[in-house]
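For ligands, and for the atoms within them, numbers begin at 1 and follow the listed sequence.
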Amino acid sequence: MSELRDLYQQVILDHHRAPRNFRPLPAASRTAEGRNPLCGDEVTLYVELAGGEIRDIGFQGSGCAISRAAASMMTASVKGRTTEEAERLFDRFHRMLTGDGAGDTAAADLGKLAVFAGVREFPARIKCATLPWHTLRAALAGEPSTVSTEE
Ligand code: ZN
């Protein structure tokens with residue numbers, strides 16, 4: 001089990017050091033900002049929507065390793081998906097982190113995102129992992145506001 005945990009940590013650290021899609025998108029049709037004041041994480045998301053599909057996505061911001069890796073892996077997993085698919089992915093991701101019992105079933109469907117299952121053991125970090133997803137939801141809803149994990 002500790003080997004598995006080390007592997008998960010390596011994946012998260014890899015995304016933290018070399019985040020995917022870490023760039024602004026000049027062609028973005030939606031943007032949103034997210035903040036997690038408890039940890040100091042900040043993320044700005046850029047989404048290019050085309051016919052209900054996330055054609056391209058990028059992010060910028062600063063924060064802890066978990067939030068940065070979560071944003072990196074979130075962008076990689078929703079790119080090319082429809083907005084409905086992205087919403088469903090967030091639901092499963094959220095259940096994996098907060099649900100009791102149902103968590104393991106949810107993790108099985110999440111592919112690489114399952115590396116965040118270990119975050120469940122650190123409740124203070126759950127908001128770091130879900131911040132990019134809450135921000136994505138705001139961007140897809142077309143809300144021009146800043147979302148905060150504390151509201
Ligand atoms: Zn954080």
Atoms (protein N, O or S; no water) under 2.8 Å from the Zn ion (ligand 1):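 For the Zn ion (ligand 1), protein nitrogen, oxygen or sulfur atoms under 2.8 Å: 5.
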message: Less than 4.0 angstrom from a charged side-chain N to a carboxylate O is my criterion; do E150 and K127 meet it?
response: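 Yes.
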With a 3.5 Å cut-off and sequence neighbours excluded, list the donor-acceptor pairs that the side chains of residues 53-70 form with protein atoms.
| unit_1 | atom_1 | unit_2 | atom_2 | d |
| --- | --- | --- | --- | --- |
| D56 | OD1 | R23 | NH2 | 3.3 |
| D56 | OD1 | K79 | NZ | 3.4 |
| S67 | OG | D41 | OD1 | 3.3 |
| S67 | OG | C64 | N | 3.3 |
| S67 | OG | C64 | O | 3.1 |
| R68 | NE | H16 | O | 3.0 |

message: Any heavy-atom pair between the side chains of T149 and P37 that's under 4.5 Å?
response: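 Sidechains of T149 and P37: in contact.
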query: With sequence neighbours excluded, what pairs up with R20 under the side-chain hydrogen bond (donor to acceptor under 3.5 Å, both in side chains) test?
result: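 So R20 forms a side-chain hydrogen bond (donor to acceptor under 3.5 Å, both in side chains) with D14.
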message: Using the ring pair (Phe, Tyr, Trp, His ring centres under 6.0 Å) criterion, which residues pair with F90? Sequence neighbours excluded.
response: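 Only H94, W133, H134 meet the ring pair (Phe, Tyr, Trp, His ring centres under 6.0 Å) criterion with F90.
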- prompt: Is it true that V43 and L25 fall in one hydrophobic cluster, defined by side-chain heavy atoms closer than 4.5 Å?
  reply: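 V43 does not cluster with L25.
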